[in-house]
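Encoded as structure tokens, the structure appears first; notes follow it.
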Amino acid sequence: MNNATTSRGTPRRLLHCLVFTAVTTFGSALLLPAQETPYDVVIAGGQIIDGTGNLPVRADVGIRGDKIARVGFLEHAPAKLTIDAHGLTIVPGFIDMHSHADDASGARSGLRSPDARRRAAASLIMQGITTVVCNPDGSEPAISIREQRNQLRTLGIGPNAILLAGYNTIRGQVMGSDYKRPATPEEIQAMQARVKEALEEGAWGLSSGLEYVPAIWSTTDELVAVVQALAPYHAFYTEHERSSGDAPMWWNPSQGPPDKPTVFDSMRELVEIGERTGVRVIATHLKSRGELYWGGSRVLIDMVDRARARGVDVWGDVYPYNTSGSDGEIVLIPRWAFGAGGESGSSSGSKDYAAALRRMMQDPRAAANVKRDIAHQLQLRGGAGRILILDYPDRRDVGEYLAEFAKQKNLSPVDAVIALQMEGYPNRLGGARVRSFSMSEIDVEALIAAPWVASSTDAGIALPEDGPNVHPRYYGSYPRKIRRYAMERKVVSVQDVIRASTSLPAQILRIEDRGLIREGYSADLAVLDLSTIRDRSTPEKPHQYSDGVDYVLINGQMVVDHTKPTLALPGRVLDPARPTF
């Protein structure tokens with residue numbers, strides 16, 4: 001060590017600050033000698049970013065069983081396993097506020113899959129994720145929360161799981177096929193009863209998807225009444241917005257009602273629900289989508305800041321991408337334009353969509369409406385310059401943006417969309433597989449910087465056999481946030497990203513023993529190499545693990561060892577805390 005720096009190049013003045021922070025953060029633990037009783041695991045020689053937002057400190061972590069037993073200087077303490085963390089950073093395991101890890105549809109079924117590889121959730125765990133909040137967007141399984149919990153426990157899972165009741169599922173169960181209207185008082189009472197039953201069975205809160213059937217037809221008063229059932233349980237309400245831009249995803253100008261909600265209306269409604277019920281409310285996967293609403297995050301942040309200033313308990317979460325999940329399977333031509341079978345048809349099948357569209361376009365009025373709706377979809381998805389062609393019969397066009405495709409063919413963007421269908425795969429809606437980038441980096445950065453916004457993925461579990469249509473967030477969300485937005489773009493500090501991924505979600509969710517590196521807390525930990533951490537998953541090649549996640553432990557068991565997933569299943573279904581505040 002020279003006069004100016006430590007052996008790792010830390011300025012001496014900063015070192016004094018770190019030591020002071022270490023003592024104030026960990027108390028006397030740093031100063032006491034190591035105990036003789038062996039630890040199961042010691043993570044030695046690393047720096048700790050503890051989840052609070054504090055500066056890093058040099059300390060070791062000793063684990064016994066599933067708990068953090070000691071935080072201090074333990075490099076020579078006896079241990080069954082010692083992890084050499086010199087040059088690495090120890091952080092609390094990441095808590096994913098919005099996860100589709102237990103979605104159970106088709107080949108991509110999640111944590112209740114018969115395939116133990118999928119239940120190990122390597123695509124998530126290799127990001128440092130140790131806890132996932134499941135049943136988002138108002139969708140819970142058709143089975144009860146109790147049955148879901150029992151199945152997860154019986155099968156064994158990689159990450160810990162927190163379960164939510166689903167408003168959309170409950171509304172559908174109560175109202176049946178007659179859901180295109182406000183609920184009656186009797187139906188609201190039945191929904192309240194089902195919410196209470198789910199909470200008694202172990203749900204932590206209630207999610208909704210107001211942009212999706214059948215919640216589209218709910219009213220604010222109905223939502224207030226149902227959310228009010230959460231209050232005695234100190235549970236929370238997390239909401240997928242009615243709209244993330246100038247209109248919901250399902251809306252088309254030629255077909256939809258004129259009084260469409262906007263993203264600002266959505267936030268206004270969520271704040272009202274929180275204010276009228278006193279319940280904690282969360283605006284999940286925050287975004288401001290479409291060219292007309294780029295920069296809208298500033299308005300959303302101001303709305304929330306003003307609500308929080310007057311005591312509304314409102315929070316948010318965001319994933320670090322300017323492309324959404326729905327951006328990856330978009331059809332820019334309205335489904336109604338394909339006639340019977342187009343509205344409910346899958347993106348690919350046996351129907352000749354090119355022929356169906358050609359017939360529709362023979363009607364001048366219908367053709368004008370088709371073009372009007374395509375123009376709306378183009379602005380909602382960020383414009384022709386932000387729509388990437390990923391699969392198309394003419395391989396020369398793969399990797400181009402729609403604007404380039406249109407220019408080469410001397411077409412307007414709207415006519416280029418029609419040409420994709422007419423000249424592309426006839427049995428695929430839209431004629432091509434494309435991904436749009438519908439959000440602006442201005443908004444992504446602003447939302448990441450908001451101190452009340454936690455991290456999330458909005459991702460499920462991916463395996464290579466799932467094919468190419470997988471969002472990069474399934475593999476890269478948390479490393480990307482650290483590398484791109486903290487280390488490269490310097491939107492926030494690394495320790496702020498760690499806080500948004502650990503103690504902040506724990507605070508929002510009221511998780512009492514995770515999200516910080518503290519003695520007595522559960523041993524959910526990640527060991528990161530900040531010199532190499534980065535996401536590698538791309539729209540073209542999604543199935544790539546992130547770099548820089550060297551070790552991950554869940555409940556004291558190794559699930560990532562020397563950058564490789566172990567496929568262990570130590571995760572637990574977590575019980576909600578029901579404190580009295």
Side-chain angles (χ1 to χ4, degrees), residues 94 96-99 127 129 136 211 238-241 243-246 249 262-264 266-267 282-305 314-328 330 379-383 385-388 401 435-459 471-501 504-505 533-539 542 546:
F94 300 146
D96 185 354
M97 290 276 289
H98 183 124
S99 176
Q127 302 181 47
I129 296 169
E211 203 169 17
T238 178
E239 180 180 289
H240 172 114
E241 68 284 344
S243 171
S244 57
D246 72 327
M249 288 185 291
T262 70
V263 65
F264 304 140
S266 296
M267 183 60 78
I282 303 165
T284 196
H285 54 41
L286 280 158
K287 60 177 72 73
S288 189
R289 188 205 303 271
E291 291 177 295
L292 298 180
Y293 278 74
W294 287 346
S297 59
R298 302 296 183 183
V299 178
L300 297 174
I301 290 168
D302 181 64
M303 292 173 73
V304 173
D305 284 344
V314 57
W315 307 82
D317 67 71
V318 68
Y319 51 79
Y321 293 89
N322 64 350
T323 177
S324 72
S326 62
D327 285 336
I330 57 171
Q379 75 80 16
L380 179 67
R381 299 299 175 176
R386 295 172 68 108
I387 298 173
L388 180 65
Y401 285 88
R435 172 168 288 281
S436 64
F437 297 81
S438 62
M439 285 95 79
S440 169
E441 283 286 354
I442 293 171
D443 296 307
V444 176
E445 291 184 358
L447 292 166
I448 283 174
W452 44 266
V453 175
S455 304
S456 64
T457 67
D458 195 7
H471 195 295
R473 67 194 184 195
Y474 278 60
Y475 286 87
S477 294
Y478 287 80
R480 176 183 178 83
K481 191 172 184 181
I482 294 170
R483 170 61 59 181
R484 180 175 177 83
Y485 293 100
M487 301 178 76
E488 294 178 351
R489 301 177 78 93
K490 302 188 185 304
V491 175
V492 290
S493 67
V494 171
Q495 54 265 29
D496 286 335
V497 172
I498 301 304
R499 171 187 169 270
S501 307
L504 179 58
I533 195 164
R534 67 184 66 249
D535 60 307
R536 298 178 62 237
S537 178
T538 67
S546 295

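- In terms of heavy atoms, Pro542 sits closest to Ser537 at O-OG, 2.5 Å.
- Considering every non-hydrogen atom in both Met249 and Glu211, the closest pair reads N-OE2, 2.7 Å.
- In this structure, CG on Leu380 lies 8.0 Å from OG on Ser436, to the nearest 0.5 angstrom.
- Using a 30° and 60° split on the angle between ring planes, Phe437 and Tyr401 fall in the tilted class, from 30° to 60°.
- The OG atom of Ser456 lies 8.0 Å from the NE2 atom of His285; values are rounded to the nearest 0.5 Å.
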Handout entry: Intermediate values then yes/no, side chain to side chain contact (heavy atoms under 4.5 Å, CB included), Arg386 and Asn322
Key = CA-CA 10 Å; Arg386 295 172 68 108; Asn322 64 350; 3.3 Å; yes
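- With no hydrogens or angles considered, a side-chain donor-acceptor pair links Ser324 and Ser326 at under 3.5 Å.
- Counting only residues at least two apart or in different chains, salt bridge (charged side-chain N to carboxylate O under 4.0 Å, His left out) contacts with residues 437-453 comprise Glu441-Arg484, Glu445-Arg489.
- A side chain to side chain contact (heavy atoms under 4.5 Å, CB included) with Thr323 is found for exactly one of His471, Met439, Arg381, Arg473, namely His471.
- In this structure, the side chain of Arg435 does not engage the main chain of Pro539 through any donor-acceptor pair within 3.5 Å.
- Note that OG of Ser297 is 11.0 Å distant from CD1 of Ile448, once rounded to the nearest 0.5 Å.
- Smallest separation of non-hydrogen atoms from Ser288 and Val263: OG-CG1, 4.4 Å.
- Interatomic distance, CD1 of Ile442 versus CG of Leu447, reported as 12.0 Å (0.5 Å rounding).
- Of the N and O atoms on the side chains of Ser546 and Asp535, not one donor lies less than 3.5 Å from an acceptor on the other residue.
- When atom types are taken as modelled, the side chain of Ser266 and the backbone of Ser243 share a donor-acceptor pair closer than 3.5 angstrom.
- A side-chain N or O of Ser455 and one of Lys481 form a donor-acceptor pair less than 3.5 Å apart.
- For Leu292, the CG atom sits in a packed shell: over 12 heavy atoms of surrounding residues, nucleotides or ligands are nearer than 6.0 Å.
- Side-chain contact between Thr238 and Pro136: absent, with no pair of heavy atoms (C-beta onward) separated by less than 4.5 Å.
- Remark: the Gln379 side chain and the Asp246 side chain contain an N/O donor-acceptor pair separated by less than 3.5 Å.
- The salt bridge (charged side-chain N to carboxylate O under 4.0 Å, His left out) contacts involving residues 288-300 comprise Arg289-Asp327, where partners must be two or more places apart or lie in separate chains.
- Between His98 and Thr457, the shortest heavy-atom contact is O-OG1, 3.6 Å.
- Not one N or O on the side chain of Asp317 forms a donor-acceptor pair closer than 3.5 Å with the backbone of Val453.
- Taking the six-membered ring where tryptophan is involved, the planes of Phe94 and Tyr478 are essentially parallel, since the angle between them stays under 30° and well short of 60°.
- In this structure, CD on Glu241 lies 8.5 Å from OG1 on Thr284, to the nearest 0.5 angstrom.
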Practice task
Test side chain to side chain contact (heavy atoms under 4.5 Å, CB included) on Arg480 and Tyr321 and set out the steps.
Solution key: CA-CA 9 Å; Arg480 176 183 178 83; Tyr321 293 89; 3.3 Å; yes
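- Note that CD1 of Ile482 and CD1 of Ile533 are 4.0 Å apart. Values are rounded to the nearest 0.5 Å.
- Listed here is the closest heavy atom pair of Trp452 and Ile301: CZ2-CA, 3.9 Å.
- Between Thr538 and Pro472 the shortest heavy-atom distance is C-CG, 3.6 Å.
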